[in-house]
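Report on one structure; see the data block that follows.
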There are 2 protein chains.
Amino acid sequence: MQSQQDKDVTTMELSRRLLEAGLRPSVQRLAVLGDLCHHYDHPTVDTIYSRLQPQMPTLSKTTVYNILRVLCEAGLVRSLNIEYANQRFDGHLEPHDHFICTCCGRVYDLPHDRTAGLPSFEDLGLHVDREEVSYYGSCRECRGKQAR
Amino acid sequence: MQSQQDKDVTTMELSRRLLEAGLRPSVQRLAVLGDLCHHYDHPTVDTIYSRLQPQMPTLSKTTVYNILRVLCEAGLVRSLNIEYANQRFDGHLEPHDHFICTCCGRVYDLPHDRTAGLPSFEDLGLHVDREEVSYYGSCRECRGKQAR
DNA sequence: CTCTATCTTGTAATCATTACAACTTTAAAA
DNA sequence: TTTTAAAGTTGTAATGATTACAAGATAGAG
């Protein structure tokens with residue numbers, strides 16, 4: 001997890017990914033995709049917007065919503081669905097699971113421990129494209145606070 | 001999955017579960033919990049409300065929200081977090097995974113194939129309480145429609 | 001340079017969820 | 001039984017995320 005390759009990804013590389021997906025590498029798209037690749041905090045729409053807005057005063061939150069939708073559709077980004085939380089986004093595509101602290105809401109990356117690929121449910125008529133594994137519990141920091 | 005034991009669960013049994021959790025078995029709570037135990041469709045708040053309202057004309061949607069929150073807190077029900085969908089609820093507590101058809105949005109139950117218990121991430125300082133495994137893809141019915 | 005499709009933007013609407021305060025019910029005490 | 005307090009329910013109003021829509025800006029093709 002958190003190899004340098006994603007944090008160090010260049011604008012040129014991001015641009016290449018967008019073009020490959022048939023999307024124009026606009027400054028807004030590069031900014032949103034870059035934000036997701038350069039952070040590991042699984043941000044909400046609002047977090048992304050707040051981080052980018054100071055550098056791009058004309059950025060609209062609608063644009064962030066639009067861009068996240070097309071990035072998800074293109075498979076350049078994935079969205080997480082977390083209990084009692086807004087939609088969150090993840091720009092790191094290597095297979096990994098998530099741990100959500102039910103106390104502070106932070107999302108941690110975990111190695112994906114399934115050795116085989118996706119399981120097959122074809123006998124049930126279900127064709128699996130992807131899986132999402134989430135663990136819920138408490139992180140060390142929150143348990144420390146509770147102990148006080 | 002879908003053993004008869006849950007579909008056939010009696011009001012007395014539901015009442016017992018509520019009392020055991022320290023909750024009064026009000027008619028509203030019995031109705032909401034019963035609806036979740038008698039169906040396998042992982043309903044939304046709105047679906048539950050719509051199913052119960054005809055029999056209980058004074059039922060309030062706020063009550064359904066309140067009840068679902070306390071049932072979740074009591075561990076009598078679990079909530080699912082599904083991409084691009086409202087919160088959904090599941091009254092069947094035996095360990096199982098979910099398959100979500102990204103075409104029709106239906107949620108199917110799947111056997112949980114992990115032989116061991118929950119994995120441990122204590123070395124990372126993370127204490128796991130529960131896991132949620134979701135598979136996304138297309139069901140037979142939707143693939144049939146697309147083929148046309 | 002012009003045209004057209006693509007992309008961005010802001011405003012207004014929608015819709016799920018929550019806050020809150022009043023009202024009702026229940027269980028237990030007196 | 002009556003009283004009382006806690007627990008539970010209800011409706012309305014507020015909140016806040018997300019989407020719809022229409023106008024404006026941009027960029028690549030010809």
Side-chain angles (χ1 to χ4, degrees), chain A residues 11 14-35 42-74 76-77 79-89 105, chain B residues 11 14-35 42-74 76-77 79-89 105:
Chain A
T11 301
L14 296 175
S15 189
R16 195 193 59 71
R17 291 187 197 171
L18 287 166
L19 287 169
E20 198 171 36
L23 300 170
R24 280 193 199 154
S26 67
V27 282
Q28 293 88 346
R29 285 174 176 170
L30 286 168
V32 170
L33 183 55
D35 186 86
H42 311 83
T44 61
V45 170
D46 211 69
T47 300
I48 297 170
Y49 175 75
S50 302
R51 281 202 289 241
L52 299 180
Q53 204 274 340
Q55 316 302 325
M56 311 178 64
T58 69
L59 182 67
S60 160
K61 200 177 281 188
T62 300
T63 300
V64 178
Y65 273 103
N66 289 341
I67 289 175
L68 286 167
R69 183 170 35 71
V70 301
L71 291 182
C72 281
E73 285 167 7
L76 294 175
V77 147
S79 81
L80 305 185
N81 308 283
I82 293 174
E83 195 165 345
Y84 302 123
N86 304 353
Q87 181 106 309
R88 283 161 171 267
F89 295 88
Chain B
T11 302
L14 296 175
S15 189
R16 194 194 59 72
R17 290 186 197 173
L18 287 167
L19 287 168
E20 198 170 35
L23 300 170
R24 282 190 198 155
S26 67
V27 282
Q28 293 87 346
R29 285 175 177 170
L30 286 168
V32 170
L33 183 56
D35 185 85
H42 311 83
T44 62
V45 170
D46 211 69
T47 299
I48 296 170
Y49 175 75
S50 301
R51 280 202 288 241
L52 299 180
Q53 204 273 339
Q55 316 301 327
M56 310 177 65
T58 67
L59 183 66
S60 160
K61 200 177 281 188
T62 299
T63 300
V64 179
Y65 273 102
N66 289 340
I67 290 174
L68 286 168
R69 185 170 34 72
V70 302
L71 292 182
C72 280
E73 284 166 4
L76 295 174
V77 148
S79 82
L80 305 185
N81 308 283
I82 293 174
E83 195 165 345
Y84 302 122
N86 304 352
Q87 181 104 309
R88 283 160 170 267
F89 295 88

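Just so it is clear: chains get the letters A, B, ... in the order the sequence lines come, proteins before strands, and each one is counted from 1.
- If you check every strand for non-hydrogen atoms under 4.0 Å, T44(A) touches nothing.
- R17(B) contributes atom CZ, which lies 13.0 Å from atom CG of L23(B) (distance to the nearest 0.5 angstrom).
- For the atom pair CG of N66(B) and CD of Q28(B), the computed distance is 11.0 Å after rounding to the nearest 0.5 Å.
- Considering only the side chain of S26(B), dT9(D) comes nearest among dT9(C), dT9(D), dT6(C).
- Between R29(A) and dC7(C) there is a side-chain polar atom (N or O) within less than 4.0 angstrom of OP1 or OP2.
- One atom, CZ of F89(A), and another, P of dA17(D), lie 13 Å apart when rounded to the nearest Å.
- Atom P of nucleotide dG8(D) and atom CG of L19(B) are separated by 11 Å, given to the nearest angstrom.
- Side-chain contact, T44(A) with T47(A): a donor N or O sits under 3.5 Å from an acceptor N or O.
- For Y65(A), counting side-chain heavy atoms from C-beta on, the closest listed nucleotide (dT17(C), dT19(D), dT10(D)) is dT19(D).
- In this structure, L59(B) and R24(B) both approach DNA chain D, and ranking their closest nucleotides by distance from the 5' end singles out R24(B).
- Between the side chain of R88(B) and the main chain of L80(B), no donor-acceptor pair closer than 3.5 Å is present.
- With the nearest nucleotide of DNA chain C identified for both D46(B) and T63(A), T63(A) has the one nearer the 5' end.
- Candidate nucleotides dT8(C), dT10(D), dA7(D) were compared by shortest atom distance to the side chain of Q28(B), and dT10(D) ranks first.
- The nucleotide whose nearest atom lies closest to any side-chain atom of S60(A) is, among dG10(C), dT8(C), dT9(D), dG10(C).
- Here the P atom of nucleotide dA17(D) and the CD atom of Q87(B) are 16 Å apart, to the nearest Å.
- The CG atom of L33(B) sits 6.0 Å away from the CG atom of L76(B) when rounded to the nearest 0.5 Å.
- The distance from atom OH of Y49(A) to atom C1' of dG10(C) is 10 Å, rounded to the nearest whole Å.
- What separates CG of L68(B) from P of dA16(C) is a distance of 14 Å, to the nearest Å.
- Counting to the nearest Å, the P atom of dT18(D) and the CZ atom of R88(A) are 11 Å from each other.
- An OP1 or OP2 oxygen of dT18(C) is reached within less than 4.0 angstrom by no side-chain nitrogen or oxygen of T62(B).
- Between L30(B) atom CG and dT25(C) atom P there is a gap of 16 Å when expressed in whole angstrom units.
- Whole-Å rounding puts the N66(B) CG to dT12(D) C1' distance at 14 Å.
- Sequence order on DNA chain D of the closest nucleotides to K61(B) and V45(A) puts K61(B) first from the 5' end.
- When distances run from any side-chain atom of I67(B) to the nucleotides dT18(D), dT9(D), dT26(D), the shortest one goes to dT9(D).
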